[in-house]
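Here's the structure we're looking at; comments come further down.
In what follows, residues are counted from 1 in the order of the sequence shown. Quick note: numbers below take in every heavy atom, side chains included, and nothing from hydrogens, waters or symmetry partners. Fair warning: this is a prediction, and the values are worked out from it, not measured in the lab.
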Amino acid sequence: MCRFRDGTVADLLLYVKEMKSGKKPGIDLDDFRAAMSGVQPLKPDNRHAHQPPKPDPTPEQRRRDEASVLQELLQPIDDPAGLESGEELLFLRPGYSQRLLRRLRRGYFSVADSIDLHQMSEVVAREVLLQFLAEAARRGHGCVRIVHGKGLRSRGLPKLKIMTNSILRKHRGVVAFASCRAVDGGTGAVNVLLKSHPTRQP
């Protein structure tokens, strides 16, 4: 029978290894117990718990948010507030939440400034509108209003309304725009949501 050699650590490790492997240990159990009689277990505070490396973070929430926004954009607008004969102007730049457009249509944003393009020619109104947007961006306005009229006195199509719609869609500083509620001018005016930093004219 193999006994401990002065109760060395090597013998103890050998015994534990043989026990784990399922082999019959070559060290007597009584000798092992005797060797372990003076051993004191470590306190929990002295133990070091090994933590496996954490996996790299993945933008799961961002992907879910983007998928949700895309789903909303694909859905038809079901809020009839402010609609007048299908002439409502609506626009939301890709990458922004559909919630912005909904709130803009319902008048949730405070209008910082406004411009009235009535009685102006199309050429003059275009220059005035571009200057107005540039000044609004320079001052850091978040929401402004443009009164373009419904074009009831125009011969043929409402030119100022069409021009306003075209410029706002192309302007880099415009996040979204929507025709106003009836109490604020209806489809004869549009509320425009701007980026918070100054922008150049298109």
Side-chain angles (χ1 to χ4, degrees), residues 59 61-120 122-154 157-202:
Q61 186 60 45
R62 185 178 67 183
R63 283 201 287 264
R64 286 194 293 267
D65 292 341
E66 290 176 352
S68 177
V69 170
L70 179 60
Q71 185 64 27
E72 286 186 279
L73 289 173
L74 293 175
Q75 294 177 355
I77 297 175
D78 54 3
D79 182 6
L83 290 176
E84 294 182 14
S85 305
E87 299 175 350
E88 184 182 24
L89 297 183
L90 285 175
F91 172 77
L92 177 67
R93 193 166 300 282
Y96 289 88
S97 172
Q98 184 75 7
R99 183 181 300 177
L100 291 175
L101 186 60
R102 291 176 177 173
R103 291 184 175 182
L104 188 63
R105 295 179 71 227
R106 295 169 180 169
Y108 283 8
F109 296 97
S110 176
V111 177
D113 200 358
S114 63
I115 185 72
D116 192 342
L117 304 180
H118 275 113
Q119 308 303 321
M120 296 182 189
E122 186 176 353
V123 175
V124 173
R126 182 181 187 279
E127 293 302 320
V128 171
L129 177 55
L130 289 174
Q131 293 177 12
F132 174 74
L133 292 174
E135 182 65 15
R138 188 185 69 81
R139 295 186 177 184
H141 292 333
C143 181
V144 296
R145 178 172 297 160
I146 301 168
V147 181
H148 49 68
K150 299 179 181 179
L152 299 179
R153 298 181 182 180
S154 300
L157 298 175
K159 296 181 180 180
L160 293 183
K161 184 174 183 177
I162 295 174
M163 179 271 298
T164 299
N165 179 62
S166 177
I167 288 181
L168 293 179
R169 286 178 179 271
K170 297 176 182 178
H171 201 287
R172 298 176 182 178
V174 173
V175 172
F177 61 85
S179 292
C180 297
R181 299 175 300 171
V183 68
D184 296 322
T187 56
V190 62
N191 285 337
V192 184
L193 196 62
L194 302 174
K195 293 181 180 179
S196 58
H197 56 79
T199 57
R200 295 177 296 176
Q201 295 180 3

Show the nearest heavy-atom pair for residues Ala176 and Leu92, with the distance to one decimal.
CB-CD1, 3.8 Å
Spell out, as yes or no, whether a donor-acceptor pair under 3.5 Å connects the side chain of Lys161 to the backbone of Leu89.
no
Could you go through the salt bridge (charged side-chain N to carboxylate O under 4.0 Å, His left out) check for Glu122 and Arg126 one step at a time?
CA-CA 6 Å; Glu122 186 176 353; Arg126 182 181 187 279; over 6 Å; no
Out of curiosity, Leu101 CG to Arg106 CZ, how far, rounded to the nearest 0.5 Å?
10.0 Å
Rounded to the nearest 0.5 Å, the CD atom of Glu88 sits from the SG atom of Cys180 at a distance of 10.0 Å
Applying ring pair (Phe, Tyr, Trp, His ring centres under 6.0 Å), name anything that partners Phe91, two or more places apart in sequence or on another chain.
Phe177
Over all atoms of both residues, closest heavy-atom pair of Leu168 and Ile146
CD2-CD1, 3.9 Å
Which pair of non-hydrogen atoms, one from Val190 and one from Ala178, has the smallest distance, and what is that distance?
CG2-O, 3.2 Å
Are the side chain of Lys195 and the backbone N or O of Arg172 linked by a donor-acceptor pair below 3.5 Å?
yes
Considering only heavy atoms from C-beta outward, does the side chain of Phe132 approach that of Val144 to under 4.5 Å?
yes
Where is the tightest heavy-atom contact between Cys143 and Ser110, given as atom of each residue plus distance?
CB-O, 3.5 Å
Quick check: does any side chain N or O of Thr164 sit under 3.5 Å from a backbone N or O of Leu160, one acting as donor and the other as acceptor?
yes
Working to the nearest 0.5 angstrom, can you tell me the gap between Asn165 CG and Lys170 NZ?
10.0 Å
Between the main-chain N or O of Val174 and the side-chain N or O of Arg93, is there a donor-acceptor pair closer than 3.5 Å?
yes
